[in-house]
Amino acid sequence: MTTIRLHDSRSRRKVELAPLDPANVRMYVCGPTVYDRAHLGNARPVVVFDTLFRLLRHVYGADHVTYVRNFTDVDDKINAAAQALKAAGDPRSLEALIAARSDETIGWYHEDMDALGALRPTQEPRATAFIAPMIAMIERLIARGHAYVAEGHVLFDVRSYPAYGALSGRSIDDMIAGARVEVAPYKRDPMDFVLWKPSGADLPGWDSPWGRGRPGWHIECSAMSHELLGASFDIHGGGIDLQFPHHENEIAQSCCAYPEGGFARIWMHNEMLLVEGRKMSKSLGNFFTVRDLLDRGVPGEVIRFAFLSTHYSKPMDWTAEKAAQARTSLIEFAEATTGAEAGDPHPDVIAALADDLNTPGAIKVLHDLRKADAKSDLLASLRLLGLMNVKTSADSLGWGPRTREEHDFALLIARRYADLRAGKDYAAADDLRDRAASVGLHLVVTKAMGGQGATAEFAGPFDLAAAREALE
RNA sequence: GGCGGGUUGGCGGAGAGGUUACGCACCGGAUUGCAAAUCCGUGAAGACCGGUUCGAUUCCGGUACCCGCCUCCA
């Protein structure tokens with residue numbers, strides 16, 4: 001069996017993945033807060049851990065991997081969005097408005113991540129469906145002396161857990177010296193964080209032993225991973241920006257509630273997506289959504305390939321140039337696999353992925369396979385990476401957001417161009433090509449159909465009515 | 001201020017203490033009705049300063065610069 005080695009953020013070294021139960025390899029990845037469209041940065045961990053999920057399924061069997069990714073639907077930004085609707089006169093209850101907003105956002109998320117070729121995780125729990133387990137875990141933490149009640153809040157006592165800070169390599173005292181912690185009079189230690197907080201009448205809340213309130217951010221992942229994966233599991237993933245405090249707090253909660261469990265064995269963190277050299281983030285306002293890109297005609301497959309071309313542990317700058325290169329490579333692979341039946345992924349591709357998900361190394365092998373004309377190995381290898389799973393070329397490489405009519409029209413013109421060339425009426429063919437170019441349709445000869453094929457690509461804005469007039 | 005990561009050829013981007021990464025672009029050649037594509041080939045690197053070594057871009061130390069976290073974030 002293939003040995004998978006992964007870089008463990010906690011021990012800061014590459015370790016061999018030795019599943020607790022090879023018949024059920026378990027992975028938890030922090031998912032989105034569902035209040036708006038996912039931005040491109042949100043998509044990076046989705047693609048990274050989807051690739052790992054695919055590798056695990058390949059190695060251990062598709063039915064022997066459990067991948068859990070949560071939806072955070074308890075959040076002040078969602079509350080704010082719902083309150084704004086209510087203030088605008090929406091008659092529905094706050095709870096109904098929040099549920100509607102979450103449902104809508106989850107729908108968008110699925111659409112957009114599907115477009116990137118990401119498989120749906122085995123389970124996608126919503127925080128609101130796990131309030132009872134969260135309350136139970138908080139009670140357990142209080143009972144074990146790791147949490148305390150103060151002014152309607154329940155707080156985790158970081159001093160009660162000596163290993164606090166181990167994941168992110170910092171000490172409580174160092175962090176306090178940094179003096180950027182929230183000061184609250186009811187905290188025993190400035191680093192103590194909220195497990196439960198009170199909700200006023202204008203906020204969603206659940207009854208609890210500490211009154212009506214809502215959970216803090218971190219407890220949901222601890223509670224849901226425990227419910228769905230157990231007290232210990234194999235891999236926990238997320239963006240590096242979650243390493244502190246989110247993951248540190250998860251560890252503290254889970255390990256104090258269930259010290260015999262040990263929680264996640266391997267911690268993986270993907271580096272950030274940059275735009276113009278800066279992290280894409282909500283607070284910087286430099287973000288655009290996956291949907292923006294898809295609507296601009298960048299295929300999801302191109303986005304995925306661009307992500308895979310940089311190792312997950314390195315920051316990646318999103319540029320138009322990178323997208324163009326990804327597209328070029330994908331077109332080559334699409335043409336190289338035309339008509340092929342998928343065989344097995346090439347061992348070198350597996351080996352590259354098994355070495356801490358070395359996707360750039362895997363892409364190098366793809367190029368080797370293409371040059372060797374190993375079609376079936378290449379196709380299977382591409383699919384293992386989540387590429388070429390849909391009909392390729394036209395649909396996946398640029399025509400996606402076009403309407404059916406535009407698509408059909410482009411095919412018609414390409415067909416006509418190919419026919420003219422086949423009839424050696426080059427003057428008419430060239431004329432058609434020039435006129436097509438003038439309305440934004442790029443006609444190119446392809447090797448399909450014995451060298452008699454042609455394809456049409458949309459190059460920028462396209463006006464179907466004007467094109468019809470010019471070409472028919 | 002504390003902690004963590006990075007710096008590779010024109011650009012993107014890996015591995016490995018000594019033998020071609022790879023892709024894009026460029027250049028030369030082949031092929032082609034024209035465009036494009038394709039094929040073959042050449043060249044080009046590892047921030048800076050020290051150390052270890054027969055040999056370092058690869059290990060160790062330092063310097064500079066960049067980025068991230070410490071505040072919602074993937």
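Note on naming: letters A, B, ... go to the chains in the order of the sequence lines (proteins, then strands), and numbering restarts at 1 for each one.
Note on A:Asp355 versus A:Lys14: salt bridge recorded, some NZ/NE/NH1/NH2 to OD/OE distance being below 4.0 Å. Using a cutoff of 4.0 Å between basic side-chain nitrogens and carboxylate oxygens, A:Arg126 and A:Asp103 are scored as salt-bridged. Ion pairing of A:Arg291 with A:Asp112 is present here, as a side-chain N (NZ or NE/NH1/NH2) and a carboxylate O approach within less than 4.0 Å. Using a 4.0 Å cut-off between a side-chain N of Lys or Arg and a carboxylate O of Asp or Glu, A:Asp292 and A:Arg37 do not qualify as a salt bridge. Note on A:Arg69 versus A:Glu124: salt bridge recorded, some NZ/NE/NH1/NH2 to OD/OE distance being below 4.0 Å.
Taking atom C1' in both B:rG61 and B:rA25, the straight-line distance is 38 Å, to the nearest Å. Across B:rC49 and B:rC54, the matching C1' atoms stand 23 Å from one another, rounded to whole Å. When the P atom is used for both B:rU20 and B:rU38, the distance is 25 Å, rounded to whole Å.
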Worksheet entry | Evaluation steps, ring-ring contact (aromatic ring centres under 6.0 Å, His included), between A:His146 and A:Tyr161 | CA-CA 7 Å; A:His146 292 293; A:Tyr161 180 54; 7.1 Å; no
Fill in: ring-ring contact (aromatic ring centres under 6.0 Å, His included) between A:Phe307 and A:Tyr312, worked out
CA-CA 8 Å; A:Phe307 281 5; A:Tyr312 77 86; over 10 Å; no
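Take A:Arg5 and apply the side chain to side chain donor-acceptor pair (under 3.5 Å) test, not counting sequence neighbours, and it matches no residue. Here A:His247 pairs with A:His236, A:Trp267, A:His269 under the ring pair (Phe, Tyr, Trp, His ring centres under 6.0 Å) rule; sequence neighbours left out.
For the side chain to side chain contact (heavy atoms under 4.5 Å, CB included) with A:Val34, the qualifying choice from A:Asn70, A:Thr72, A:Asp75, A:Asp73 is A:Asp73, the only one to do so.
The shortest distance between the side-chain N/O atoms of A:Thr310 and the OP1/OP2 oxygens of B:rG13 is below 4.0 Å. Within the structure, every side-chain polar atom (N or O) of A:Lys314 is placed at least 4.0 Å from both OP1 and OP2 of B:rG12. Of the side-chain N and O atoms in A:Arg327, none sit less than 4.0 angstrom from OP1 or OP2 of B:rC24.
Side-chain atoms of A:Asn270 lie closest to B:rA74 of the nucleotides B:rG68, B:rA74, B:rC70.
Contacts of A:His269 with the nucleic acid, taken as non-hydrogen atoms under 4.0 Å apart, are absent. Base engagement by A:Leu273 is indicated by at least one non-hydrogen atom pair under 4.0 Å involving a base atom.
For B:rG46, the O4'-C1' to base torsion is within 90° of 0; the nucleotide is therefore syn.
Nearest approach of A:Thr2 to A:Ala354, heavy atoms of both residues: CG2-CB, 3.7 Å. The two atoms that bring A:Ala264 and A:Arg10 nearest to each other are O-NH2, 2.9 Å, heavy atoms only.
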Polar pairs (N or O, both sides) under 3.5 Å between protein and nucleotides 16-23 of chain B?
from: B:rG23; atom 1: OP1; to: A:Lys371; atom 2: NZ; distance (Å): 3.0
from: B:rG23; atom 1: N2; to: A:Gln325; atom 2: OE1; distance (Å): 3.3
from: B:rG23; atom 1: N2; to: A:Gln325; atom 2: NE2; distance (Å): 3.4

Enumerate all atom pairs, one protein N or O and one N or O from nucleotides 29-35 of chain B, separated by less than 3.5 Å.
from: B:rG33; atom 1: O6; to: A:Arg421; atom 2: NE; distance (Å): 3.2
from: B:rG33; atom 1: N1; to: A:Asp430; atom 2: OD1; distance (Å): 3.1
from: B:rG33; atom 1: N1; to: A:Asp430; atom 2: OD2; distance (Å): 3.3
from: B:rG33; atom 1: N2; to: A:Asp430; atom 2: OD2; distance (Å): 2.3
from: B:rC34; atom 1: O2; to: A:Arg433; atom 2: NH1; distance (Å): 2.8
from: B:rC34; atom 1: O2; to: A:Arg433; atom 2: NH2; distance (Å): 2.6
from: B:rC34; atom 1: N3; to: A:Arg433; atom 2: NH1; distance (Å): 2.9
from: B:rA35; atom 1: N1; to: A:Val445; atom 2: N; distance (Å): 3.3

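Side chain to side chain, A:Tyr109 and A:Asn42 fail the donor-acceptor criterion of an N or O pair below 3.5 Å.
Taking a 4.0 Å limit (strictly below) on heavy-atom distances, residues 113-129 of chain A does not reach RNA chain B anywhere.
In RNA chain B, stems built from 3 or more consecutive Watson-Crick or G-U wobble pairs, each with both distances under 3.5 Å, span B:1-7 with B:64-70, B:10-12 with B:22-24, B:27-30 with B:38-41, B:47-51 with B:59-63.
Ring planes of A:Phe333 and A:Phe305: tilted class, angle from 30 to 60°.
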